[in-house]
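For reference, the structure discussed in these notes is given below.
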Amino acid sequence: MELDHTLGCGQAFRWSSDGCWHFGTVCSAALKVRLTPEGLECRSSPPLKAGFIRSYFRLDDDLDAIIAGMTRHFREKGDRHLKEAVQRYRGLRLLRQDPWECLVSYVTSIVSNIPKITRCIEKMSRKYGTRLELDGRETYSFPSPEALAAAGAQGLKDCELGFRGRYISELAGEVVSRQIDIGALRSAAYPDARKALMQLMGVGEKVADCVSLFSLDKLEAFPVDRWVQRVARRLFFDDRPVSVRIVREWGMEKYGPYARYAQEYLFHYVRHLPAESLFP
DNA sequence: TGCCAGGCCTTCC
DNA sequence: GGAAGGCATGGC
């Protein structure tokens with residue numbers, strides 16, 4: 001595992017690093033992790049349940065086998081972009097995030113950018129979460145659905161959320177009043193989980209796919225945002241105009257069982273390419 | 001100053 | 001059911 005790639009690739013928004021430790025807030029715990037010759041070292045407050053870290057970092061995913069599968073794929077299909085992405089970011093793992101936090105985070109991400117998303121989430125947590133401390137470092141838990149429902153649209157707008165404040169307020173209200181358990185969708189089939197998510201305010205195809213991929217174990221999901229759409233058009237569709245739906249179906253078909261990892265490696269790869277190499 | 005950003009909702013046809 | 005327009009805010 002490579003922690004810089006895994007925690008810095010933009011799939012989760014509550015991690016930072018001092019070059020030695022990675023500091024994060026996950027659900028209701030402050031934690032810090034680092035890699036040592038003995039493996040993954042983790043400290044947390046309050047102490048996490050046994051197996052949490054294993055689940056969060058998806059340590060049950062056989063990354064070597066997945067990379068071998070993607071390697072086979074790009075050799076057979078001549079996909080040089082996936083090849084370079086895998087070579088450059090080897091060790092990037094998907095995370096298994098908390099579904100509620102993931103859902104709100106990706107509604108926050110609508111027409112935004114990673115620094116701003118990070119700021120909004122920190123403000124929301126500071127205002128509506130509970131205080132945590134680990135080795136003198138202060139942080140705040142991610143707010144519960146009840147806390148965000150009670151916050152109201154204006155309270156959330158004040159967290160730099162803009163029009164997303166209303167989405168999140170109504171979304172939280174729906175989850176509380178209908179007693180929806182987002183995590184229960186883990187046991188649903190991907191199309192059913194996706195459909196259920198899209199019934200919620202502020203959740204369209206892209207957000208539903210991100211939540212499916214990053215928190216609900218939906219292996220087939222291939223989220224298509226502006227970056228993926230633009231890059232797919234540029235690199236794989238000879239600059240022909242192509243809809244989100246077409247790119248999504250193309251990605252799911254093209255990468256099959258590796259869609260989830262292929263998408264994340266490609267996304268991280270293209271975000272770090274110089275602009276002129278993509279759009280000369 | 002004006003454009004753009006990890007889309008979605010609403011309206012209109 | 002598909003195509004436009006509007007949406008808050010900050011960065012560049």
Side-chain angles (χ1 to χ4, degrees), chain A residues 5-15 85 89 92 94-95 97-99 101-124 127 142 148 151-175 194-216 218 221-235 241-249 251 259-276 278-279:
Chain A
H5 300 332
T6 299
L7 299 173
C9 70
Q11 59 177 324
F13 302 100
R14 302 206 67 192
W15 287 92
Y89 298 112
L92 191 165
L94 282 185
L95 299 171
Q97 302 184 48
D98 174 73
E101 177 174 341
C102 190
L103 176 60
V104 176
S105 296
Y106 279 91
V107 172
T108 301
S109 81
I110 295 172
V111 203
S112 190
N113 54 67
I114 290 175
K116 186 174 176 185
I117 299 163
T118 303
R119 275 203 314 277
C120 288
I121 293 173
E122 286 311 313
K123 285 191 175 183
M124 254 190 291
K127 203 169 171 187
F142 191 80
L148 292 184
Q154 189 57 51
L156 291 170
K157 279 186 181 179
D158 293 343
C159 299
E160 273 187 59
L161 282 161
F163 64 88
R164 306 165 197 83
R166 180 173 72 88
Y167 291 175
I168 293 173
S169 172
E170 292 193 24
L171 163 65
E174 288 175 43
V175 168
R194 188 171 190 268
K195 196 171 171 184
L197 289 169
M198 288 175 62
Q199 304 294 316
L200 298 167
M201 172 60 86
V203 183
E205 297 195 355
K206 192 268 176 177
V207 171
D209 278 334
C210 284
V211 176
S212 297
L213 178 64
F214 297 131
S215 73
L216 296 177
K218 302 309 171 209
F222 191 84
V224 178
D225 55 35
R226 293 184 181 192
W227 276 95
V228 173
Q229 183 182 21
R230 196 179 298 168
V231 167
R233 173 178 174 174
R234 171 77 188 142
L235 300 182
V242 58
S243 69
V244 167
R245 184 178 60 81
I246 295 295
V247 175
R248 177 172 169 267
E249 288 170 359
R260 53 181 176 155
Y261 272 90
Q263 196 270 1
E264 200 54 27
Y265 272 79
L266 282 171
F267 179 72
H268 195 45
Y269 167 69
V270 299
R271 276 188 53 229
H272 291 85
L273 284 178
E276 58 271 22
L278 276 177
F279 310 107

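The structure presented is a predicted model; accordingly, all values stated were derived computationally and were not measured. Chain A is the first sequence line, chain B the second, and so forth, proteins listed ahead of strands; every chain is numbered from 1.
Taking 4.0 angstrom as the limit, A/R226 places a side-chain polar atom (N or O) nearer than this to OP1 or OP2 of B/dG7. Between A/R230 and B/dA5 there is a side-chain N or O to OP1 or OP2 distance below 4.0 Å.
With B/dC8, B/dC9, C/dG10 as the candidates, the nucleotide lying closest to the side chain of A/K116 is C/dG10. Of the candidate nucleotides C/dT9, B/dA5, C/dC7, C/dC7 has the atom lying nearest to any side-chain atom of A/F163.
Residue contacts shown for A/R119 are limited to sugar-phosphate atoms, with no base heavy atom under 4.0 Å away. A/F214 comes within 4.0 angstrom of no nucleic acid atom, judged by non-hydrogen atoms across all strands. Here A/V207 lies in heavy-atom contact (under 4.0 Å) with sugar-phosphate atoms only. Across all strands shown, A/L161 has no heavy atoms under 4.0 Å from either base or sugar-phosphate atoms. The residue A/Q11 sits close to a base: some heavy atom pair falls under 4.0 Å. Across all strands shown, A/V203 has heavy atoms under 4.0 Å from sugar-phosphate atoms exclusively, and none from any base.
The two residues A/R260 and A/L213 come nearest to each other via the heavy atoms CB-CD1, 2.9 Å. Counting all heavy atoms, side chain and backbone alike, A/S212 lies closest to A/A221 at CB-CB, 4.2 Å. Closest of all the heavy-atom pairs between A/E264 and A/C9 is OE2-SG, 3.2 Å. Taking both residues in full, the closest heavy atoms of A/Y89 and A/Y269 are given as CE1-CA, 3.6 Å, listed atom of the first, atom of the second, then distance.
The closest side-chain heavy-atom distance from A/L161 to A/Y167 is not below 4.5 Å. A heavy-atom distance below 4.5 Å is found between the side chains of A/L95 and A/L7.
For A/K206 and B/dC9, the NZ to P distance is 14 Å, given to the nearest whole Å. Taking atom CZ of A/R164 as the reference point, atom P of B/dC9 lies 13 Å away to the nearest angstrom. Atom CD1 of A/I114 and atom C1' of B/dC4 are 16 Å apart (whole Å). Atom CD1 of A/I110 and atom P of C/dG10 are 18 Å apart (whole Å). Residue A/R271 contributes atom CZ, which lies 16 Å from atom C1' of B/dC4 at whole-angstrom precision. The CG atom of A/L197 sits 15 Å away from the C1' atom of B/dG7 (whole-angstrom rounding). Counting to the nearest Å, the P atom of B/dA5 and the OH atom of A/Y106 are 18 Å from each other. For A/I117 and C/dG10, the CD1 to P distance is 15 Å, given to the nearest whole Å.
Closest-nucleotide positions on DNA chain B for A/C210 and A/L200 were compared, and the one nearer the 5' end corresponds to A/C210. Each of A/Q263 and A/M201 was assigned the nucleotide of DNA chain B with the nearest heavy atom; the assignment lying further toward the 5' end belongs to A/Q263.
Checking B/dG2 for Watson-Crick or G-U wobble geometry (two distances, each under 3.5 Å) identifies C/dC12 as its partner.
For B/dC9 and C/dG10, the C1' atoms lie 22 Å apart once the distance is rounded to whole Å.
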